[in-house]
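Quantities reported herein were computed from a predicted structural model and do not represent experimental measurements.
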There are 2 protein chains.
Amino acid sequence: MTPATAVDALAALAQETRLKVFRLLVTAGPVGLAAGEVGAQLGIAANTLSFHLKTLSQAGLLVARQEGRFIYYAANYASMDDLIAFLTQNCCNGVACLPKTSAMATTAKRRKNSLKEYA
Amino acid sequence: MTPATAVDALAALAQETRLKVFRLLVTAGPVGLAAGEVGAQLGIAANTLSFHLKTLSQAGLLVARQEGRFIYYAANYASMDDLIAFLTQNCCNGVACLPKTSAMATTAKRRKNSLKEYA
DNA sequence: ATAATGCTTCAACACTTCTGGAAATAACGA
DNA sequence: TCGTTATTTCCAGAAGTGTTGAAGCATTAT
């Protein structure tokens, strides 16, 4: 992750509507949601939503796939991970400065839930 | 962390100069660096730097303390942690979607290094 | 006192971003 | 084919952001 890429991603998230959209898609899982569904759930006009989805996609935070007339958007977990790694790089020299972050996805949790759940 | 707080923090980080400053202070540890030192290391004019330090501080990402003529700025690890927790909340239902993030600060690492290192 | 140092504030300008209406494109159904 | 649905693009105006030079405060040194 380059500084420029990180700035793009952060700028994309630094807007109320886009942050709502992103968080909705983060909880929605890898399958994602159709654009219209996102708009309906959050009460956003189609053209405005399209603008914000484009911004998030260009920043690499969302991936889009077409299915018939619908376009599904899903969170790009890998780039979110890269962004967080970039922000916390060399933080505190390994001391426990980020308790919530480290608790969030422990090795134990990872072992308990397999990726196949989404297959 | 409220959505508004998160947007403020993300907006503060979504700027090349500020991101550089923040990352420098993240690696600098809890003691922080004097404003002038930050400016010297990154090559930023005093007035410009002051503007950006203020933005980062108001967003809660930095804490400032005066020491004589110098003002030391340090990363606020707690708010960075809150921000990451906010972004990744309910992500992927516990599946291993953020490998780097979870590897970043494991329980093992936390035990190995005590907070007293900075006392 | 006076000067020097460290940092901040102010005002002005160029530049970018967000929003909303209207029109365009694309896929499907009758 | 024609209409409907899903989504995007274009445009213009309003609002916000970053940079610069000059001036202003505090704190320390002479």
Side-chain angles (χ1 to χ4, degrees), chain A residues 3-25 28 31-76, chain B residues 3-25 28 31-76:
Chain A
T5 309
V7 167
D8 286 349
L10 290 163
L13 293 171
Q15 208 278 339
E16 197 183 346
T17 302
R18 282 196 297 266
L19 186 55
K20 274 188 209 162
V21 169
F22 182 72
R23 297 222 312 151
L24 176 61
L25 291 173
V31 172
L33 259 48
E37 240 175 302
V38 174
Q41 286 200 36
L42 301 178
I44 307 168
N47 55 353
T48 302
L49 178 61
S50 184
F51 170 79
H52 290 308
L53 287 171
K54 186 180 169 186
T55 303
L56 286 164
S57 300
Q58 284 177 341
L61 291 165
L62 257 40
V63 287
R65 69 173 197 287
Q66 183 130 16
E67 255 179 50
R69 278 192 282 199
F70 302 88
I71 298 184
Y72 280 78
Y73 285 89
N76 183 349
Chain B
T5 309
V7 167
D8 286 348
L10 290 164
L13 294 172
Q15 208 278 338
E16 197 183 346
T17 301
R18 283 196 297 266
L19 186 56
K20 274 189 208 163
V21 169
F22 181 72
R23 298 222 311 153
L24 175 62
L25 292 173
V31 172
L33 260 47
E37 238 175 302
V38 173
Q41 286 200 36
L42 300 178
I44 306 168
N47 54 356
T48 302
L49 178 61
S50 184
F51 170 79
H52 289 308
L53 287 170
K54 186 180 170 187
T55 304
L56 286 163
S57 300
Q58 285 178 341
L61 291 165
L62 258 40
V63 288
R65 69 175 197 286
Q66 184 131 16
E67 258 180 48
R69 278 194 281 204
F70 301 87
I71 300 183
Y72 280 79
Y73 285 90
N76 184 349

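- The B:H52 side chain lies nearest to D:dT19 when the options are C:dA27, D:dT8, D:dT19.
- Of the residues in residues 7-17 of chain B, not one places a heavy atom less than 4.0 Å from an atom of DNA chain C.
- Among the atoms of the strands shown, only primed sugar atoms or phosphate atoms (P, OP1, OP2) are found under 4.0 Å from some heavy atom of B:Y73.
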Filtered N/O pairs between nucleotides 2-4 of chain C and protein, under 3.5 Å:
none

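- Contacts of residues 36-49 of chain B with DNA chain C (heavy atom under 4.0 Å): B:G36, B:A46, B:N47.
- Side-chain N or O atoms of A:E37 include none that pairs as donor or acceptor with a backbone N or O of A:G39 at under 3.5 Å.
- Side-chain contact check for A:L13 versus A:F22: some heavy-atom pair is nearer than 4.5 Å.
- Here the C1' atom of nucleotide C:dC7 and the CG atom of B:L53 are 10 Å apart, to the nearest Å.
- Considering every non-hydrogen atom in both B:A74 and B:G32, the closest pair reads CB-CA, 3.8 Å.
- Under the side-chain contact (heavy atoms from CB on, under 4.5 Å) rule, A:K20 has a single partner from A:I44, A:L25, A:L42, which is A:L42.
- With rounding to whole Å, A:Q58 atom CD is found 11 Å from C:dT17 atom P.
- With distances taken from any side-chain atom of B:Q66 to the nucleotides C:dC7, D:dT7, D:dT27, the minimum falls on D:dT27.
- Counting only heavy atoms from C-beta outward, the side chains of A:R65 and A:V31 approach each other to under 4.5 Å.
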